[in-house]
Number of protein chains: 2
Amino acid sequence: MTSKAAILGQLRSEILNLELKPGSILSETALSERFRISRTPLRDVLKQLAHEGYIDVYPKRGNLVSYIDLESVEQMIYLRSTLEKDILGNLASGSAALPLRGTLELKEILEKQEEAIREEQAHETFLHWDDAFHKKLFALAGRGYLWDLIQQSNVHYARYRRLHMLKKEKLEAILAEHRLLLDCVLRRDASRIAELVEHHLHEDINAAYLQENFADYLNMSKPDSLKPASGAEENIES
Amino acid sequence: MTSKAAILGQLRSEILNLELKPGSILSETALSERFRISRTPLRDVLKQLAHEGYIDVYPKRGNLVSYIDLESVEQMIYLRSTLEKDILGNLASGSAALPLRGTLELKEILEKQEEAIREEQAHETFLHWDDAFHKKLFALAGRGYLWDLIQQSNVHYARYRRLHMLKKEKLEAILAEHRLLLDCVLRRDASRIAELVEHHLHEDINAAYLQENFADYLNMSKPDSLKPASGAEENIES
DNA sequence: AAGGCTGTTCTTGTATACAAGAAAATCGAT
DNA sequence: ATCGATTTTCTTGTATACAAGAACAGCCTT
């Protein structure tokens, strides 16, 4: 656990699966002791995390694990929804036929997902194969580049999904929708895809429920005085 | 010119307007002398540039201004095309009416763009207002967040456009298309928007012409041995 | 002349000492 | 006890010395 890439991955996964709760302090000195590495390379890791939205940097005060930003969640859902409607539409309406190889890989993924449901403590595994399914669709449409791009700004949406999963055991429902979508593509029925994708991604973004049960995970847009750096402090503006 | 944000902006603009050509070396020591600042904060700036694709980092060898990646260009055009079709479609089909204020701002931008055409050496100014027009459309649809997100991965597309501009003086054509698009939205005619957006953004991605005239600006996918770091070197993987 | 070894000199990567800002704790006066 | 100024102690930001890898030049060998 000494390389920068390993540390980055470790912190990323701890933040994503909510072991590190929003608001937790990531101190440079503390982390440098934990990972037995000096502050300089560790700062590189924190910079990367900050750029991907995992942490908020308060200059000369500290780094906090970011609170889940529902605005970002809504925007990412819209982005994915719009793209996947188009992608699945193209795959279905057959200007380019779905190759047999791709079909098989998709079905394999869905089987893995079904297995994951049976396990207990299945959420992380299930989510992994859920992502794999959508990623494969992007890849088959020649849009893997965009999938990777989206993943770089996915912290808030990824954690939001995990909070929702905790409540509803609607894993079966999700899997069923995947099967339905694949069916439409294979039967070359583009007509229903738009509504299916729309419903699949907009898993009721129920802000009220979240604020009731996970208020301390969320970013309630408070006065600017409490917001992280974004201006001309000693920070880099993006 | 001592703050990190200023240096970042300076280098960004020099790379975007091709003063710093692809392949140019950005040495930490050289830059630290140029900007009278130590290597540590300067490395932060380079990290940011690397993350946004402005430079490629070859560990222990150097940092080169990235070559224009036509794959990225095509992906970004598709991304914007798909999003803007939906955005303009929504603005036109009127679930939410375009407010008077927004209409006026858009027309103002188009006037600025017309002024820019008359000036000589107009390209940079023209492009600025061109971006402003599209950005305003995103904002009016409540998608300013996504516009900003896209801008963070826009190096290759931005430079590609500048190379195209050098050849064709099709500034008037672009402006005319803007007027046409705005017209469709105001007249609530959503039918032609898709094809207009498609044509507007896919300004003939003529790879042959570029490779003929600007081969040394482009990233011809060479053998892996010449590619920048992306694996388990001493670098951070994204 | 060609090939390979070796040392020099580039580059970036890391560690650490110090500077500077912000918040908290302390101590004092009222 | 309460309020306020000062000091102390956190935090991150910066500078710099050193480590280590990569490329290059030169030389020697063949």
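All of these numbers come straight from a predicted model, not from anything done at the bench. Chain letters run A, B, ... following the sequence lines, proteins first, then strands; residues in each count from 1.
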How are the rings of Y209(B) and F214(B) set relative to one another: parallel (under 30°), tilted (30 to 60°) or perpendicular (over 60°)?
perpendicular
Give the rounded distance in Å between these two atoms: CD of E28(A) and P of dC10(D).
16 Å
Checking R143(B) against T82(A): is there a side-chain donor and acceptor pair closer than 3.5 Å?
no
Does K4(B) have a side-chain nitrogen or oxygen under 4.0 Å from the phosphate oxygens OP1 or OP2 of dT14(D)?
yes
Rounded to whole Å, please give me the gap between CD1 in I25(B) and P in dA23(D).
13 Å
For dT14(C) and S38(A) - does any side-chain N or O of the residue sit under 4.0 Å from the phosphate oxygens OP1/OP2?
no
Less than 3.5 Å apart, any donor N or O on the side chain of H156(B) or Y160(B) sitting next to an acceptor on the other?
no
Under 4.0 Å between a side-chain N/O of R61(A) and OP1 or OP2 of dA23(C), yes or no?
yes
Indicate, with a heavy-atom threshold strictly under 4.0 Å, whether L46(A) touches base, sugar-phosphate, or nothing.
nothing
When rounded to whole Å, the NZ to C1' distance for the pair K60(A) and dC18(C) reads 12 Å
Per the 3.5 Å Watson-Crick/G-U criterion and a run length of at least three, the stems involving DNA chain D are C:1-30 with D:1-30
Of the options dA17(C), dA15(C), dT12(C), whose atoms approach the side-chain atoms of R39(A) most closely?
dA17(C)
Measure from OH on Y58(A) to P on dA24(C) and round the result to the nearest Å.
14 Å
side-chain hydrogen bond (donor to acceptor under 3.5 Å, both in side chains), paired with R80(A), selected from H134(A), Q75(A), H200(A):
H134(A)
Do the side chain of T40(B) and the base of dT16(D) come within less than 3.5 angstrom through a donor-acceptor pair of N or O atoms?
yes
Expressed in angstrom and rounded to an integer, what is the separation of R36(B) atom CZ from dT14(D) atom P?
17 Å
Whole-Å gap separating P (dT14(C)) and NZ (K47(A))
15 Å
If every non-hydrogen atom of W129(A) is compared with every non-hydrogen atom of I109(A), which pair is closest and at what distance?
O-CG2, 3.5 Å
Minimum heavy-atom distance between M165(B) and H123(B), given as atom pair plus value
O-NE2, 3.7 Å
Has N63(B) got a side-chain N or O lying under 4.0 Å from the OP1 or OP2 atom of dT11(C)?
no
Distance check needed: dT11(C) C1' versus L26(B) CG, whole Å only.
13 Å
Can you check the L64(B) CG to dA23(D) C1' distance for me, whole Å?
14 Å
So, for Y145(B) and S72(A), which heavy atoms are closest and what is the spacing to 0.1 Å?
OH-OG, 2.9 Å
